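Proteins get letters first, then strands, A, B, ... in listed order; numbering begins at 1 in each. The model shown is predicted, which means the values in this text are computed figures rather than measured ones.
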2 protein chains.
Amino acid sequence: MALGRPAWAATRAALQALLRRGGDAAGGRPVNGALHDDAALRGAVLHRRAAVRMHLPAAIGDYTDFYSSRAHATNVGTMFRGADAALMPNWLHLPVGYHGRASSVVVSGTPVRRPVGQVSASGTGDPVLKAAALLDFELEAAVFIGGPGNALGEPVSIDEARGAIFGVVLMNDWSARDVQKWEYVPLGPFTAKSFATTISPWVVPLEALDPFAVAAPPQVDPAPLPYLTPKGGTRTVPDVALTVGIKGAGMAAPSTVCESNLRHLYWTFEQQVAHHTVTGCNLRAGDLLATGTISGEGERERGSLLELSWKGTRTVELGGGVSRKFLQDGDEVVLGGWCQGDGYRVGFGECRGTVTPARAV
Amino acid sequence: MALGRPAWAATRAALQALLRRGGDAAGGRPVNGALHDDAALRGAVLHRRAAVRMHLPAAIGDYTDFYSSRAHATNVGTMFRGADAALMPNWLHLPVGYHGRASSVVVSGTPVRRPVGQVSASGTGDPVLKAAALLDFELEAAVFIGGPGNALGEPVSIDEARGAIFGVVLMNDWSARDVQKWEYVPLGPFTAKSFATTISPWVVPLEALDPFAVAAPPQVDPAPLPYLTPKGGTRTVPDVALTVGIKGAGMAAPSTVCESNLRHLYWTFEQQVAHHTVTGCNLRAGDLLATGTISGEGERERGSLLELSWKGTRTVELGGGVSRKFLQDGDEVVLGGWCQGDGYRVGFGECRGTVTPARAV
Ligand SMILES: [Ca+2]
Ligand SMILES: [Ca+2]
Ligand SMILES: [Mg+2]
Ligand SMILES: [Mg+2]
Ligand code: NI
């Protein structure tokens with residue numbers, strides 16, 4: 001991950017050459033085919049996913065969470081400030097983000113204990129310590145930074161930003177909304193999110209997403225400052241279908257509650273990297289930069305229960321008479337992501353976690 | 001640092017036994033005295049501070065910044081919201097804090113480049129990219145977490161918290177106020193602070209501060225929740241004198257602009273640890289938890305230029321006709337800290353940094 005793009009590309013090409021049929025053309029390069037053609041070797045080298053234990057793909061240095069879906073920011077702003085003041089004045093000028101907690105980023109499959117935290121029903125005082133009642137998921141993607149990193153004080157320009165990005169994972173930024181509401185002014189979310197963040201175990205290289213690049217949502221009113229504007233002006237994001245399923249304790253399979261897409265990102269990965277480093281902050285290989293909740297404009301494209309239940313005012317149906325406003329103990333949340341090619345898919349790793357009961361208070 | 005308190009105490013005792021005069025009593029333990037008594041050995045083992053290069057005392061996993069001085073929070077709140085709404089409703093109920101950026105924590109002596117960032121003069125739009133004009137220091141202390149750490153989902157109780165703290169350093173949380181003002185709503189400070197944070201290179205063990213423990217400011221109206229209340233109710237903080245000096249480019253020595261004290265912390269280290277982990281967040285050896293700006297009630301006890309110049313409405317005199325509202329290029333900021341014993345001092349390491357000019361925009 002720290003070696004940089006030439007090493008990543010060479011490694012990917014070598015793996016592909018081993019996995020293709022010997023003699024197949026692969027962009028004019030010789031194809032080894034050893035793993036494709038030799039069943040015994042393949043059996044010795046490859047393992048069934050169900051038979052292995054996945055781990056975090058990197059030692060995460062710093063984890064940053066952005067807030068880059070316009071529909072999500074608009075939904076949340078509308079709920080809490082009304083439609084007229086939904087977006088803060090800075091939102092269209094810079095990719096708003098904050099530092100998250102790296103130690104509690106866990107790999108898919110890790111159980112997530114419902115947090116106990118400080119909550120104030122009135123919002124003005126008399127807090128109590130209790131199990132969070134408004135437990136939520138956030139559908140996100142995140143990039144791992146790779147390469148040598150930038151020196152402290154030397155920003156990564158938007159045109160260099162792509163070279164600093166190793167690849168993409170799915171992320172569920174578990175959030176306790178009742179804790180968040182009481183604590184987050186003025187310095188942002190803290191204990192409401194730091195209890196767990198789940199990511200998928202394998203990283204899809206940016207190169208694999210190239211065929212799926214689409215134009216990012218236009219930024220014309222206002223146009224961003226030059227440091228957030230790539231040469232030529234073209235901003236792309238990958239077209240990655242994203243889903244969220246909830247599988248309640250008694251259910252046979254997850255019920256899909258959200259279908260969104262990474263293409264809804266208003267601020268691209270490259271813009272996030274350029275802004276993150278503009279004042280001189282150094283990025284290092286293994287740093288994780290998340291998109292923020294990815295919602296589209298449709299009601300079914302909302303990437304959190306906060307939005308899907310509109311702050312708990314609507315029920316979200318799971319089928320069979322089961323519904324949710326927020327997560328219950330035993331619920332498994334399953335994120336999915338894939339790029340649909342012509343007759344093939346680029347799949348993302350699983351990102352799942354089951355809510356276990358809170359400790360006694 | 002990860003070995004835990006018994007190892008720290010044994011190491012400290014062994015070092016003290018080597019450094020005392022042979023045969024001196026030391027709590028009934030035999031005293032080796034090798035380094036004290038043998039000048040040749042001492043010369044071979046000890047090095048002059050000026051002849052060595054200091055490094056960060058640990059690989060920092062996560063860095064958290066609290067906001068635990070009541071006078072500081074009151075000053076900032078008064079400036080931006082008026083005296084009647086100075087403290088947010090949550091402030092007296094929990095130690096407000098946020099995640100900071102670990103990658104840009106640097107050791108004393110590292111030059112700090114004035115950041116270039118996004119600023120909006122109106123606060124509502126038309127931002128520009130420019131060198132930050134309102135560059136500031138923040139006088140803070142910070143603890144390094146030590147020991148095995150808590151498991152994810154298992155909080156550190158307030159009565160266990162002390163065992164999780166290795167020791168204390170000084171910290172300057174450099175801040176670009178103009179960048180901060182535009183970016184920080186609603187998710188907190190981001191690029192305005194992530195460009196550099198300076199700490200002193202050696203860590204004063206908590207044990208060395210024991211003789212200087214004093215009662216923390218009382219918390220009666222409101223009393224905090226039980227998870228923030230130690231058994232017996234006694235909350236202590238170390239009495240550590242703290243100073244800030246500014247040495248302008250043409251000055252012979254730093255001029256002291258602030259004299260504060262760690263005893264002004266409203267929320268103790270132990271309360272910070274208990275709150276940080278209450279929802280289950282795991283702490284790891286090498287994590288850094290900072291106090292937030294430490295101001296006292298006096299005008300000269302204000303731990304930032306924001307407060308000392310009252311948002312730029314007053315000048316701060318450095319002597320010889322030189323004054324500041326915010327930091328200028330070439331300014332060296334020097335934090336000092338010590339505990340005054342009966343005929344001796346426990347000194348903290350230096351925490352200094354010089355502002356270098358911004359990159360061209
Ligand atoms: Ca999030
Ligand atoms: Ca601070
Ligand atoms: Mg989270
Ligand atoms: Mg800082
Ligand atoms: Ni085949």
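- When each of V128(A), D62(A), N90(A), T191(A) is scored by its heavy-atom pairs under 4.5 Å with chain B, the top score falls to D62(A).
- Among P115(A), G153(A), P127(A), the residue with the largest count of heavy-atom pairs under 4.5 Å with chain B is P127(A).
- Under the side chain to side chain contact (heavy atoms under 4.5 Å, CB included) criterion, V361(B) pairs with V116(B), L129(B), not counting sequence neighbours.
- Side-chain atoms of L225(B) and Q118(A), non-hydrogen and from C-beta on, do get closer than 4.5 Å to each other.
- Between R359(A) and E154(B), the closest side-chain pair of non-hydrogen atoms is not below 4.5 Å.
- Residues meeting the side chain to side chain contact (heavy atoms under 4.5 Å, CB included) test with T110(A), sequence neighbours left out: V106(A), V107(A).
- By the 4.5 Å heavy-atom criterion applied to side chains, S194(A) and T279(B) are counted as neighbours.
- Only the side chain of D287(A) comes within less than 4.5 Å of a heavy atom in chain B; its backbone stays farther off.
- Considering only heavy-atom pairs separated by less than 4.5 Å from chain A, the leading option among T277(B), L94(B), L152(B), L283(B) is L94(B).
- Both the backbone and the side chain of L187(A) come within contact range of chain B, judged by heavy atoms closer than 4.5 Å.
- Open room surrounds OH on Y184(B); 12 or fewer heavy atoms of other groups in view lie less than 6.0 Å from it.
- Of the atoms belonging to F66(A), it is side-chain heavy atoms, and not backbone ones, that fall under 4.5 Å from chain B.
- Proximity to chain B (any heavy atom under 4.5 Å) is restricted, for T64(A), to the side chain, taken from C-beta onward.
- Distance SG/C281(B) to NZ/K193(A): 14.0 Å, rounded to 0.5 Å.
- Applying the 6.0 Å contact sphere to NZ of K181(B) captures no more than 12 heavy atoms from other residues, nucleotides or ligands.
- For chain A, the option among H275(B), E183(B), R114(B) with the highest count of heavy-atom pairs below 4.5 Å is H275(B).
- Options F190(B), W182(B), W91(B) differ in how many heavy-atom pairs under 4.5 Å they form with chain A, and the most are formed by F190(B).
- Among G61(A), A176(A), P155(A), the residue with the largest count of heavy-atom pairs under 4.5 Å with chain B is P155(A).
- In terms of non-hydrogen atom pairs under 4.5 Å with chain B, the most contact-rich of G280(A), G125(A), P186(A), G117(A) is P186(A).
- Between chain A and the residues T356(B), D126(B), N282(B), the most heavy-atom pairs under 4.5 angstrom are made by N282(B).
- Contacts between P222(A) and chain B at a heavy-atom distance below 4.5 Å are absent for every atom of the residue.
- For a heavy-atom cut-off of 4.5 Å, chain A lies close to V96(B), G97(B), Y98(B), H99(B), G100(B), R101(B), A102(B), S103(B) in residues 95-103 of chain B.
- In this structure P224(B) satisfies the side chain to side chain contact (heavy atoms under 4.5 Å, CB included) test together with Q219(B), L228(B), T229(B), W267(B), Q271(B), sequence neighbours excluded.
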